[in-house]
Amino acid sequence: MELFAPRGTNDILPDAVGGWQYLERIVRETCERYGYREIRLPLFEHTEVFARGVGETTDIVEKEMYTFQDRSGRSLTLRPEGTAQVVRAFIEHKLYGKALPFKVYYIGPMFRYERPQKGRYRQFHQFGVEALGSASPLLDVEMIALPISLYRAAGLHEFEVHINSIGCHVCRPAYREKLTAYLSERREALCPTCLERLERNPLRVLDCKNPGCREATEGAPKSHEHLCTECHDHFSTVRAGLDAVGIRYVLNPRLVRGLDYYSRTVFELIGLDLGAQDALGGGGRYDGLVEQCGGPPTPAVGFAVGMERLLLSLEARDALRSDGRAPQVYVAALGDAARSRALEIALAMRQAGLRTELDYEDRSLKAQMRTAQRSGAQYVVILGDDELAAGRAAVRKMATGEQSEVPLTGIVQWLEGRVNG
RNA sequence: GUGGGUGUAGCUCAGCUGGUUAGAGCGCCAGGUUGUGGCCCUGGAGGUCGUGGGUUCAAGUCCCAUCACUCACCCCA
């Protein structure tokens with residue numbers, strides 16, 4: 001093999017596309033039902049958008065970005081996530097001047113330079129939803145409810161909902177102090193990366209998987225118990241809202257999220273069939289990000305879901321459906337004269353809106369019938385010299401095997417009236 | 001970036017301690033039905049054994065390197 005796709009990228013072949021189209025349709029229908037409109041943004045941005053938007057100390061920015069220079073020397077980066085660029089577009093087009101909240105969803109490929117493994121690829125696909133311009137806890141609830149109802153619509157019922165609140169610029173510094181003090185007393189128990197985190201981003205020590213670190217942080221101060229009054233009230237209302245709409249969740253004090261822009265509510269949807277990369281989706285509030293990126297103070301909340309992971313989960317449960325559709329009609333022909341007439345008839349049927357396939361090679365009727373049956377075609381039109389002479393075709397309904405003689409002049413209408421789907 | 005596993009036909013894989021023309025199932029093509037699918041039977045096409053070195057009389061099999069895939073660490077969707 002000479003040429004191959006770059007590591008971590010995947011070709012989505014025709015047999016798999018139906019599943020993608022199915023999911024994409026569910027995504028669009030669900031998002032629109034919740035009042036979100038699609039936004040389409042560039043696949044690459046000025047590197048600055050992500051460096052400032054995602055956070056300089058995040059792994060994404062430090063080591064996972066596909067960054068390159070264009071011919072004029074500008075530094076550009078293939079988008080590793082969507083929130084930062086939605087914020088950029090929101091500010092650039094001064095959308096804060098329009099009716100708020102600004103509610104959008106996006107769907108498309110993202111790029112991160114990581115070692116691939118199950119559920120993790122260098123080019124992967126996400127859909128995400130963002131609402132900018134409202135601090136209402138009702139939106140937090142809606143943000144959690146949306147992906148859940150989407151999963152259910154798609155056929156996935158096995159997942160957990162984890163939530164937490166990590167406070168805001170008012171209460172987080174104090175909490176951070178407390179946590180740092182607590183962790184500092186247990187330095188010996190922490191892994192090397194956590195010692196690093198202790199300096200730069202102590203909250204991240206909480207979600208380390210290392211057994212030693214987990215033990216050391218067992219009794220650590222919990223962010224949701226150190227919230228300021230506003231954050232506390234907000235979180236209480238979110239939780240009450242979740243209860244009210246019947247969403248069961250786990251309050252997970254270790255859930256802190258890896259991106260710097262989050263504040264207050266954070267949540268993650270954990271898949272049960274995914275191996276190590278088990279986050280189906282996640283998100284939270286990012287009330288300070290718009291201002292930090294140069295816009296007016298604007299509270300916001302959003303989430304993103306990994307499409308491959310959703311697909312993997314559905315496949316694991318044998319629940320993946322497909323929008324791919326089989327031909328309705330297959331035209332089989334015997335002999336040269338019949339074959340050119342077959343093309344004519346097939347084109348007329350396609351013109352009329354019927355999904356029609358035909359045989360291009362000079363193959364036996366048996367071979368054509370086999371191909372037709374495997375394609376899933378509902379009807380086979382059989383054309384030979386006899387039929388040509390008589391001006392009729394034999395039309396076989398594959399499901400039942402019953403066969404009729406249909407005049408060629410009316411065959412399109414005849415099939416239009418009988419075919420389904 | 002680090003570690004483990006795996007690379008043999010289009011697909012899934014077998015190939016014993018190195019030994020002659022490398023196999024199976026599925027798929028594909030054809031025939032059995034001189035014009036009819038699903039089941040069955042028969043036959044056929046298809047392989048630089050990932051790649052490059054090395055050891056040996058002899059390498060799919062052993063050694064080294066390399067590439068790719070995969071799982072995990074890390075991190076996240």
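Atom set for the values below is all heavy atoms of this structure, side chains included, hydrogens, waters and symmetry mates excluded. All chains are named by letter (A, B, ...) in the order of the sequence lines, taking the proteins before the strands, and each is independently numbered beginning at 1.
No contact: A/Ala372 has no heavy atom under 4.0 Å from any strand. Heavy atoms of A/Leu269 sit nowhere under 4.0 angstrom from any nucleic acid atom. Among the protein residues, A/Gly119 comes within range of the nucleic acid bases, having at least one heavy atom under 4.0 Å from a base atom. Residue contacts for A/Arg257: at a heavy-atom cut-off of 4.0 Å it reaches the sugar-phosphate backbone alone, with no base atom in range. Looking at heavy-atom distances under 4.0 Å, A/Phe111 makes no contact with the nucleic acid at all. Looking at heavy-atom distances under 4.0 Å, A/Ala332 makes no contact with the nucleic acid at all. Contact annotation for A/Lys63: backbone-only contact, meaning every heavy-atom pair under 4.0 Å involves sugar-phosphate atoms and none involves a base. At the heavy-atom level, A/Lys118 lies under 4.0 Å from the strands shown only through sugar-phosphate atoms.
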Reading RNA chain B 5' to 3', what string of ( ), [ ], | and . shows its pairs, if Watson-Crick and G-U wobble pairs count only when both distances fall under 3.5 Å?
(((((((..((((.....[...)))).(((((.......))))).....(((((..]....))))))))))))....
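For the contact set between residues 51-62 of chain A and RNA chain B, defined by any heavy atom under 4.0 Å, the members are A/Asp59.
Side-chain N/O atoms of A/Arg363 and A/Gln368 include no donor and acceptor closer than 3.5 Å. Checking A/Gln328 against A/Gln378 by side-chain atom types alone, no donor-acceptor pair falls below 3.5 Å. Side-chain polar atoms of A/Asp273 and A/Ser313 form no donor-acceptor pair below 3.5 angstrom. If you check the side chains of A/Tyr182 and A/Glu177, you find no donor sitting under 3.5 Å from an acceptor.
Taking the ring centre of A/Phe90 as origin, the terminal cationic atom of A/Arg88 falls outside the region bounded by 6.0 Å and 45° from the ring axis. Judged by the 6.0 Å distance and 45° axis criteria, A/Arg52 is not positioned over the aromatic ring of A/Phe50.
Listed nucleotides B/rC76, B/rC69, B/rG35 differ in distance to A/Leu365; the shortest reach to its side chain belongs to B/rG35. Closest to the side chain of A/Glu387, out of B/rG35, B/rA68, B/rC76, is B/rG35. Taking only side-chain atoms of A/Ser364, from C-beta outward, the nucleotide of B/rA77, B/rC74, B/rA30 with the closest atom is B/rA30.
Spacing between B/rU12 and B/rU48 at atom C1', rounded to whole Å, works out to 22 Å. A gap of 8 Å separates the P atoms of B/rG50 and B/rG7, to the nearest Å. Nucleotides B/rC71 and B/rG18 are separated by 31 Å at their C1' atoms, to the nearest Å. B/rG60 and B/rG23: their P atoms are spaced 14 Å apart (whole Å). B/rG47 sits 25 Å from B/rA65 when the C1' atoms are compared, rounded to a whole Å. Here the separation of B/rG38 from B/rC16, taken at their C1' atoms, is 41 Å to the nearest Å. Using P as the reference atom, B/rU21 and B/rC64 are 28 Å apart when rounded to the nearest Å. For B/rG27 and B/rC11, the C1' atoms lie 7 Å apart once the distance is rounded to whole Å.
Under the 6.0 Å cut-off for aromatic ring centres, A/Tyr379 and A/Tyr330 do not qualify, their centroids lying 6.0 Å or more apart. The six-membered or imidazole ring of A/Tyr286 lies near that of A/Tyr261, with a centre-to-centre distance under 6.0 Å. Two rings, from A/Phe127 and A/Tyr105, have their centers 6.0 Å or more apart.
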Check against side-chain hydrogen bond (donor to acceptor under 3.5 Å, both in side chains), A/Tyr66 and A/Gln123:
CA-CA 10 Å; A/Tyr66 274 97; A/Gln123 176 176 342; over 6 Å; no
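Between the CE atom of A/Met398 and the P atom of B/rC39 there is a distance of 12 Å, given to the nearest Å. Put simply, CZ on A/Arg112 is 5 Å from P on B/rA77, counting in whole angstrom units. For A/Arg115 and B/rC71, the CZ to P distance is 12 Å, given to the nearest whole Å. Taking atom CG of A/Leu388 as the reference point, atom C1' of B/rG35 lies 14 Å away to the nearest angstrom. For the pair A/Glu64 CD and B/rC74 P, the computed distance is 13 Å after rounding to whole Å. Between the CG atom of A/Asp278 and the P atom of B/rA72 there is a distance of 10 Å, given to the nearest Å. Between A/Gln123 atom CD and B/rA77 atom C1' the separation is 14 Å, expressed in whole Å. Here B/rA30 presents its P atom at 10 Å from CG of A/Asp362, a figure rounded to the nearest Å.
A distance cut-off of 5.5 Å between ring centres, combined with a plane angle under 30°, leaves A/Phe4 outside any stacking arrangement with the base of B/rA68.
Between the side chain of A/Gln368 and the base of B/rG35, no donor-acceptor pair of N or O atoms lies under 3.5 Å. Contact of A/Lys397 with B/rG37 (side chain to base): no donor-acceptor pair of N or O atoms is detected under 3.5 Å. With hydrogens and angles ignored, a donor-acceptor pair closer than 3.5 Å exists between the side chain of A/Gln403 and the base of B/rU36. Taking 3.5 Å as the limit, the base of B/rG37 and the side chain of A/Arg396 contain a donor-acceptor pair of atoms between them. With hydrogens and angles ignored, no donor-acceptor pair under 3.5 angstrom links the side chain of A/Arg370 to the base of B/rU36. In this model, a side-chain donor or acceptor of A/Gln117 finds a partner on the base of B/rC74 within 3.5 Å.
For A/Glu199 and A/Arg187, the salt-bridge test passes: some basic side-chain N is under 4.0 Å from an acidic carboxylate O.
For B/rA72, neither phosphate oxygen OP1 nor OP2 lies less than 4.0 angstrom from any side-chain nitrogen or oxygen of A/Arg120. Side-chain nitrogen and oxygen atoms of A/Arg79 include none within less than 4.0 Å of the OP1 or OP2 phosphate oxygen of B/rA77. Residue A/Arg363 places at least one side-chain N or O under 4.0 Å from the OP1 or OP2 atom of B/rC29.
One finds the CH2 atom of A/Trp414 at 11.0 Å from the CE atom of A/Met349 (value rounded to the nearest 0.5 Å).
A side-chain contact (heavy atoms from CB on, under 4.5 Å) with A/Ile345 is found for one member of A/Leu408, A/Leu415, A/Val412 and no other, namely A/Leu408.
Residues A/Ile382 and A/Tyr113 both approach RNA chain B. Their nearest nucleotides, taken by heavy-atom distance, put A/Tyr113 toward the 5′ side.
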